[in-house]
Amino acid sequence: MARVYNFSAGPAILPEEVLQEAAQEMLDYRGCGMSVMEISHRSSIFDTIIGEAEADLRELMQIPANYKVLFLQGGAYQQFAAVPMNLMKNRVADYIVTGQWAKKAWKEAAKYGTANCIASSEDRNFSYIPDCSDLPVSADADYVYICENNTIYGTKFHTLPNTKGKDLVADVSSCYLSEPVDVSRYALIFGGAQKNIGPAGVVIAIVREDRIRKDVLPGTPTMLAYQTQADAGSLFNTPPVYGIYICGKVFKWLKAQGGLAAVKARNEEKAKLLYDFLDGSSLFRGTVEAKDRSLMNVPFVTGDADLDALFVKEAAKRGLVNLKGHRSVGGMRASIYNAMPRAGVEALVAFMKEFEAARR
Ligand SMILES: *Cc1c(COP(=O)(O)O)cnc(C)c1O
């Protein structure tokens, strides 16, 4: 077996222990004689799987009782429409545009009401997080929207914006469960599982109960109203059974790691290895402002596109794969999610040193 270090932004690396356990249970899940892929979502087996998954997630994130956890589908992208359809009571929302995903969410919301861009970092290719301490929040805004960790650009809100009392909505796709969060500061948190949690096909939304409304925008599809899945315990229709099962295993793995505070400490150590090297390197450099650096996605460049391409190619030969940066930044991007072991980051830094030394 030749496992590589997979630095993909998503779908992304999963904990090897989780994959091994799933492999062992593939043909016969705990004596039931079937794979989890083959069982009914109405079975008691699945009841236990989804029940434990939710309970473990609640424990990990310390989700208050007045928040619902919804296991959804349609990708994070579908939430770009679901959010305004469910929350735009006044048909006004304010967006902070810090990257492509926030921009797409903003454009989508504009289909349903007035979506204001109240801050943006596009002037410098989204390489920083704007000062959000005193923004022109609209008096009648239904919510203020952020993409908390910008997967493509490698920036993260280390301080949440001052929403001046308005609801905060956050896309946390690429930083879900990477550190402890105070859920009570948000009205809605959502993200696709395929970055930092599990396989593609699952979206997890955490919604404050008083924001699960009956009076959603006219024309809202049944499946996009949060109330539908909140009332049905995420079992209104067939959920992504296998994906939820893997997410549940990852939650147990995170608990065994010591919970989110311990996970954060490890993530900080891993990111520091890479950022410290980048700061001292004569060949490579990071592309974002140091104060806004993400713990999860680390873009870097040499400044020479041909050399970047060579680096990506040579790294792959060493089992360091999927390091090519997003086309809008170029260069490289190392996604070092929860499941990336420290040894993977050490191997990457060692190879970067070697690559640099060979060009002195
Ligand atoms: C990947 C990503 C998305 C899009 O997710 P899909 O599940 O493909 O719809 C949205 N937001 C962020 C921050 C992402 O990283």
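Order of listing sets the numbers, starting from 1, for every ligand and every atom in it.
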Between ligand 1 and the protein, tabulate every N or O atom pair separated by less than 3.5 Å, reporting distance only.
from, atom 1, to, atom 2, distance (Å)
ligand 1, 7 (O), Ala76, N, 3.1
ligand 1, 7 (O), Gln194, NE2, 2.8
ligand 1, 9 (O), Ala76, N, 3.1
ligand 1, 9 (O), Tyr77, N, 2.8
ligand 1, 11 (N), Asp171, OD2, 2.6
ligand 1, 15 (O), Thr151, OG1, 2.5
ligand 1, 15 (O), Lys195, NZ, 2.5

Next item on the list: Tell me, with the steps shown, if Thr302 and Asp308 meet side-chain hydrogen bond (donor to acceptor under 3.5 Å, both in side chains).
Entry: CA-CA 6 Å; Thr302 63; Asp308 288 348; 2.7 Å; yes
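Ion pairing of Glu268 with Lys264 is present here, as a side-chain N (NZ or NE/NH1/NH2) and a carboxylate O approach within less than 4.0 Å.
The cationic group of Lys104 lies under 6.0 Å from the six-membered ring centre of Trp101 and within 45° of the ring axis, placing it in a cation-pi geometry.
Contacts of Asp182 classified as salt bridge (Lys or Arg N to Asp or Glu O under 4.0 Å), with partners at least two apart in sequence or in another chain: none. In this view, Lys324 and Val312 satisfy the side chain to side chain contact (heavy atoms under 4.5 Å, CB included) rule, not counting sequence neighbours.
Legend: salt bridge (Lys or Arg N to Asp or Glu O under 4.0 Å) pairs involving residues 36-47, not counting sequence neighbours: none detected.
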